[in-house]
Amino acid sequence: MQRVCDPHGIGGTAAWHKVLAPSFYHRDPVTVACELLGKLLVRSLDGDFMIGRVVETEAYLAADDPANHAFRGRTGRNAVMFGPPGHAYVYAIHRYHCLNVVTEGEGLPSAVLIRAVEPLMGIDRMQRQRPTGRLSTLTSGPGRLCQALAIDRTLNGWDVTRAQRLWFVAPACSASVTITVTARIGVTSARQLPLRFCLGMSPFVSRGPYARR
DNA sequence: CGTAAGATTCACT
DNA sequence: GTGAATCTTACGA
């Protein structure tokens, strides 16, 4: 079992966080999307640590999901989704990037989009990449969090189970969470499917009644 | 090679 | 709520 120390004590005193292993991602995207809520996204850059708590995710299914980039087969852009689970699928949209984690594997092109995190650590470093007056708009959106955490295409295909550059951990202290399920944001097809998952009442989500301005 | 579309964000009305 | 910015990717000629 791989572990990483939390130098700032996020998650409680003397916290040791378990790095999420390949088996965590080797499941269906809905399960992974729900279980990623409350986990910590860790970005290591130039010796700095940036950490955010995952508060909003979306699942993109391998079958019968026209909103999935892989719906019409493998292309240069979506190739990572056809690879092993636990790797980052990063793509560009307009001026921004979006971070996904590949799930399932076995040639099933499914993934979970990370839509929002709550900034916990390395906030000064995040603000350097994405200057905002308010903390509530620093990482509340898929493009925003990638800008704040300096995530771009150079991380496409990156193995997020190795605790280098970009990875996820389970906090040492975690409480049970309430999950709100809604339709996905921004997609132009399969708008009805309930595949967006938010931590209940978190003000750091991108949209919804609890999103802070 | 040209063109259209997009899992976004921001400024503005 | 609406529209523009902006740029990569996909696809057809």
For A:H87 and A:W158: C-alpha separation, side-chain torsions, deciding distance, then whether side-chain contact (heavy atoms from CB on, under 4.5 Å) applies. CA-CA 5 Å; A:H87 287 243; A:W158 187 255; over 6 Å; no
For residues 193-213 of chain A, which residues have at least one heavy atom under 4.0 Å from DNA chain C?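 DNA chain C contact set from residues 193-213 of chain A: none.
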Got a sec, which residues hit side-chain hydrogen bond (donor to acceptor under 3.5 Å, both in side chains) with A:N78, two or more places apart in sequence or on another chain?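 side-chain hydrogen bond (donor to acceptor under 3.5 Å, both in side chains) list for A:N78, sorted by chain: A:T75.
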Do [X] and [Y] have side chains that approach each other closer than 4.5 Å (heavy atoms only, starting at C-beta)?
X	Y	answer
A:V55	A:F197	no
A:M50	A:M121	no
A:V42	A:V169	yes
A:P119	A:L135	yes
A:L36	A:L41	no
A:P29	A:L61	yes

More 5' along DNA chain B: A:T132 or A:L99, using each one's nearest nucleotide?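 Checking each residue's closest nucleotide, the 5'-ward one belongs to A:L99.
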Please identify each residue that fulfils salt bridge (Lys or Arg N to Asp or Glu O under 4.0 Å) with A:D48, with sequence neighbours left out.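 A:R125.
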Could you give the distance from CG (A:L40) to CZ (A:F168), rounded to the nearest 0.5 Å?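 Spacing of CG (A:L40) from CZ (A:F168) equals 10.0 Å.
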Go through DNA chain B in 5' to 3' direction and return only the first and the last nucleotide with some atom under 4.0 Å of chain A's heavy atoms.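 Going 5' to 3' along DNA chain B, contacts run B:dG6 to B:dC10.
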Give me the other members of the hydrophobic cluster that A:I185 sits in, counting Ile, Leu, Val, Met, Phe, Trp and Tyr linked by side-chain heavy atoms under 4.5 Å, directly or via other members.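 Traced through the cluster, A:I185 reaches no other member.
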Count the heavy atoms belonging to other residues, nucleotides or ligands that lie under 6.0 Å from CZ of A:R207, then report whether that count exceeds 12.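 Incorrect, the count does not exceed 12.
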Take atom OH of A:Y210 as the centre, draw a 6.0 Å sphere, and report whether it contains more than 12 heavy atoms from other residues, nucleotides or ligands.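 Result for OH/A:Y210: open.
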If you draw the axis of the six-membered ring of A:F204, does the NZ or CZ of A:R212 fall within 45° of it and under 6.0 Å from the ring centre?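 Because its charged atom sits under 6.0 Å from the ring centre and within 45° of the axis, A:R212 does stack over A:F204.
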So, A:H69 versus A:Y89: side-chain donor-acceptor pair below 3.5 Å or not?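 Yes, side-chain donor-acceptor contact under 3.5 Å.
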Consider only side-chain N and O atoms of A:S110 and A:T103, and report whether a donor and an acceptor are under 3.5 Å apart.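 A pair is found: one side chain offers a donor N or O, the other an acceptor, under 3.5 Å apart.
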Members of [range] that approach DNA chain B, where some heavy atom sits under 4.0 Å away:
range	answer
residues 182-192 of chain A	A:I185, A:G186, A:V187, A:T188
residues 138-149 of chain A	A:G141, A:P142, A:G143, A:R144
residues 58-68 of chain A	A:Y60, A:A67, A:N68

Per-nucleotide protein contact string for nucleotides 5-12 of chain C (B base, S sugar-phosphate only, - none; heavy atom under 4.0 Å): BBBSSS--
Run the salt-bridge test on A:E56 and A:R196 with the 4.0 Å N-O cut-off and return the result as yes or no.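 Yes, A:E56 and A:R196 are salt-bridged.
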Filter on salt bridge (Lys or Arg N to Asp or Glu O under 4.0 Å), then keep only pairs touching residues 134-153 of chain A, sequence neighbours left out; what's left?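 Non-adjacent pairs meeting salt bridge (Lys or Arg N to Asp or Glu O under 4.0 Å): zero.
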For residues 57-74 of chain A, pull every pair meeting salt bridge (Lys or Arg N to Asp or Glu O under 4.0 Å), keeping only residues two or more places apart or in separate chains.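 Pairs touching residues 57-74 of chain A that pass the test: A:E58-A:R115, A:D65-A:R184.
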Report the secondary structure of DNA chain B in dot-bracket form, marking unpaired bases with a dot and bases paired to a different strand with |, and treating Watson-Crick or G-U pairs with both distances under 3.5 Å as paired. ||||||.|||||.
To check you understand the geometry: which heavy-atom pair defines the closest contact between A:L145 and A:I114, and what is its length?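 Heavy-atom minimum between the residues: CD2-O, 3.4 Å.
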